[in-house]
2 protein chains.
Amino acid sequence: MPRAPSETHVPDLTPTWRIPIQSRATLHDVARLAGVSAKTVSRVYSGSPRVLPETRERILAAAKRLRFRPNTVARNLRQGGKTDTVAFVMGDIHNPFYFHVAAGIEQELAKGGFTMLWASTGDAPDSEPVVVDALLSQLVRALVLIPIAGDQSYLEGERQLGTPIITVDRPATDLVADTVVLANRSGMADAVRSLTANGHRKIGFVSNPSEMYTLSERLAGYRQALMEAGVADSTPWERLGNDPSITPESQVRSLLDSSDPPTAIVTGNNRATMGALRELRTREDPVALIGFDDFELAEMLGISVVAHDPVELGRAAGRLALERIEHHGGPIRRIELPTRLVKRGSGEIPAPTG
Amino acid sequence: MPRAPSETHVPDLTPTWRIPIQSRATLHDVARLAGVSAKTVSRVYSGSPRVLPETRERILAAAKRLRFRPNTVARNLRQGGKTDTVAFVMGDIHNPFYFHVAAGIEQELAKGGFTMLWASTGDAPDSEPVVVDALLSQLVRALVLIPIAGDQSYLEGERQLGTPIITVDRPATDLVADTVVLANRSGMADAVRSLTANGHRKIGFVSNPSEMYTLSERLAGYRQALMEAGVADSTPWERLGNDPSITPESQVRSLLDSSDPPTAIVTGNNRATMGALRELRTREDPVALIGFDDFELAEMLGISVVAHDPVELGRAAGRLALERIEHHGGPIRRIELPTRLVKRGSGEIPAPTG
DNA sequence: CGAGGCCATGTCAGCGTTGTCATGGCAGGT
DNA sequence: ACCTGCCATGACAACGCTGACATGGCCTCG
């Protein structure tokens, strides 16, 4: 079993890569070969009807022979620096959630004939302005951003220049921008209400990190639902971390080993759910569990979750971007996507009586 | 619980979006304000040392005041249509595997100062040339592609123009291109050998689809290892589908319900593993299982897998792209990344004796 | 039969930037 | 004082394309 990547030099049947022999054909080359002016070739490629079918065919034949492909860069420049790309900037490369968002954005943009320029900040807040700036200098038509930096005021100038800015999953700070978010608060409240309906009062909340917008919203939903059920102070059952070295398992362990352990647990996100699952596996006590974010094996494992559609989150953002590109005016918009409590068993374990 | 996305018009504290008031500042605007020529401003932004520190500062101050950002599109055009973007085209939006690949590519490209233009074909082979063409017309410096179309000969012209083309996960058909793939064949053979070492002879192979390059390689590895163990004809235990409507579960069911059921199963990919898991859950018989592709809960569930690193697959492709951009020459390269058999229990169930 | 109009096509300039070459000022050597 | 050479800066063109406007042939109609 090989341990290191193996590299083969493919036998030299075919020539190796080399410096290009010919250079890229331009409109003028095609025009010369077809015996027309560059402008007429241009007309063919911009779909103008004012070209004789016969001429058009001669031009297309010449273009094919020269392997001509219109130079989008030049076209964009000529047309006032308007490109057909939209930038997407995200932080955490490793979270599958964001990939689904990215896929949704790309899907919608493709419908509008736009392509997506994608860059990530590698989760370093300081690099957000740098990365965003690099994309903006490519004159993208819109910017879709999952904010990570402390604030987005550095984008104010660009906004005034008319570039639509849409944030996803979290609202921007110190910047006027359209936003698409999940119904974090009500989603979590639904989960907790479902537990209280089953008699639970001592409900743990596990989250690390917990200082992000989404998670503090979910925490708020949790507290609110507990309040409604008559539990005024939930802090003994909250395990909020902001240190990546604290594992969700250890948070759950600390909860269950406390003097007054909870009978149910809700988790702030996918990662916390995984941790809770791992820890609960090692225990006998039947503890109810509802996770935030759905996951592939949840159904098989019978785990109840607050589900939502990350791809739709991206699609909504993509649509918003396209609409803004069309009509710049109008009020700021905030779209909140619903969540759905999926009951699969783990969340329906009743509270022990007595 | 809301059922439909809710949309809020944010209260009008801040102004609404509107047509841009001012237009984007150019080199000339900055030059005028700083009292120099455009060329001098250009020199500042292209890092030329031939500018007096005092002049430089005056220019930077002016640029800041005008919120100037160099126009990459124009710069690229001027410099012979060389952009600083690399295209990545993939098919299946829904497979997390490819997102990890994408992340790896993006990571490496960022190191070289390139950004990634990402598009997907939505898994329609016919749209591959269209999507690729759209990206190429943006004059990307290299193309990284997960091939889906029947052949890639349509890229021959572009290759001759000197655009590096790198395929990932699968080799190109009818095109000379660098390639990064997994050690599919040996990886699967390792898995099967581990099973035969535990006494298994009747080993099922489940895969849908099965006609793709990666899966036929894995099938070949499976057959080879069985051959070595003295099983000449494995076809009774192969369940190969190419119809998306056939679920992996049903393939596993058909295997286990056959007159001579296997004592172990290997799966062709992640999706098949999930299906096998679901089906095996419903059964009593202890059937050994080794999956191809690792997954998040595999460790918790004790599932043995042939693991590999999709992010590294992307990184290798990204590095290859950067190297080709630097030096066009040299032989075609094929990089094969190793897999690793991770034993977690499910694959180590011994064959029933007798 | 000439005026007017329509249509296919052409000419030219310029999008914002930078490579090439030019200019003019100043320091140092003789 | 004069020449040489260096350095900071500038003038100009061009990257490939398309919008605005021009041209010239042909058809129609009074």
Side-chain angles (χ1 to χ4, degrees), chain A residues 20 22-60 62-63 66-84 134 136-141 161-162, chain B residues 20 22-60 62-63 66-84 134 136-141 161-162:
Chain A
Q22 49 185 355
S23 61
R24 210 171 284 276
T26 72
L27 269 185
H28 288 91
D29 300 326
V30 176
R32 208 174 311 128
L33 183 59
V36 295
S37 79
K39 180 70 224 208
T40 304
V41 181
S42 164
R43 271 189 265 260
V44 169
Y45 278 89
S46 50
S48 159
R50 315 253 124 270
V51 179
L52 236 44
E54 177 204 312
T55 314
R56 177 186 308 272
E57 276 183 38
R58 211 167 64 244
I59 290 174
L60 288 177
L66 296 177
R67 294 209 173 95
F68 170 72
R69 175 180 294 118
N71 182 333
T72 309
V73 174
R75 167 182 288 176
N76 288 339
L77 178 61
R78 182 60 234 265
Q79 295 183 334
K82 292 292 182 198
T83 63
D84 49 5
L136 289 179
S137 80
Q138 312 228 14
L139 302 188
V140 294
R141 288 290 282 285
L161 288 172
Chain B
Q22 48 185 356
S23 61
R24 212 171 283 277
T26 72
L27 271 185
H28 288 93
D29 300 327
V30 177
R32 207 174 309 127
L33 184 58
V36 294
S37 79
K39 181 69 225 207
T40 303
V41 181
S42 164
R43 271 189 265 263
V44 169
Y45 277 91
S46 48
S48 159
R50 317 252 124 272
V51 180
L52 236 44
E54 177 203 313
T55 314
R56 178 186 307 271
E57 277 183 38
R58 211 168 63 243
I59 289 173
L60 288 176
L66 295 177
R67 292 209 174 94
F68 170 71
R69 175 181 294 119
N71 182 332
T72 309
V73 174
R75 165 180 289 175
N76 288 339
L77 177 62
R78 182 60 235 265
Q79 295 182 334
K82 292 292 180 198
T83 63
D84 48 5
L136 289 179
S137 79
Q138 312 228 13
L139 301 189
V140 294
R141 287 290 283 286
L161 287 172

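This one's a predicted model, so the numbers in the text were calculated from it and none came from an experiment. Numbered from 1 within each chain, the chains take letters A, B, ... in sequence-line order.
Contact annotation: T40(B) side-chain N/O to dT9(D) OP1/OP2 distance is not under 4.0 Å.
Within the nucleic acid shown, T26(A) comes within 4.0 Å of sugar-phosphate atoms alone, with no base atom in reach, counting heavy atoms only. Residue V73(B) is out of contact with every strand shown, counting any heavy-atom pair closer than 4.0 Å. Contact annotation for S46(A): no contact, since no heavy-atom pair falls under 4.0 Å across all strands.
Computed from coordinates, the K39(A) NZ to dC17(D) P distance equals 12 Å when rounded to whole Å. Remark: P of dG16(D) and CG of L66(A) are 14 Å apart, rounded to the nearest angstrom. Put simply, CZ on R43(B) is 11 Å from C1' on dA11(D), counting in whole angstrom units. If you measure from atom CG of L52(B) to atom P of dG10(D), you get 11 Å, rounded to the nearest angstrom. Summarising the geometry, the separation between CD on Q79(B) and C1' on dC15(D) is reported as 10 Å, rounded to the nearest angstrom. Atoms CZ (R75(A)) and C1' (dG19(D)) sit 13 Å apart, rounded to a whole Å. For the pair L27(B) CG and dT9(D) P, the computed distance is 15 Å after rounding to whole Å. In this entry the distance linking CZ of R78(B) with C1' of dC17(D) reads 15 Å, nearest Å.
Rounded to the nearest 0.5 Å, atoms CG (D84(B)) and CZ (R141(B)) are 8.0 Å apart. Annotation: the span from R24(B) atom CZ to R69(B) atom CZ amounts to 6.5 Å, rounded to 0.5 Å. Annotation: the span from L77(A) atom CG to R78(B) atom CZ amounts to 12.0 Å, rounded to 0.5 Å. Note that OG1 of T40(B) is 9.5 Å distant from CZ of R58(B), once rounded to the nearest 0.5 Å.
A donor-acceptor distance shorter than 3.5 angstrom exists from the side chain of T72(B) to the backbone of S137(A), with no hydrogens or angles considered. Listed for the N76(B) side chain is no donor-acceptor partner under 3.5 Å among the backbone atoms of V73(B). Between the side chain of S42(B) and the backbone N or O of A38(B) there is no donor-acceptor pair closer than 3.5 Å.
With a cutoff of under 4.0 Å to any heavy atom of chain A, the contacted region of DNA chain C is bounded 5' to 3' by dA8(C) to dG16(C).
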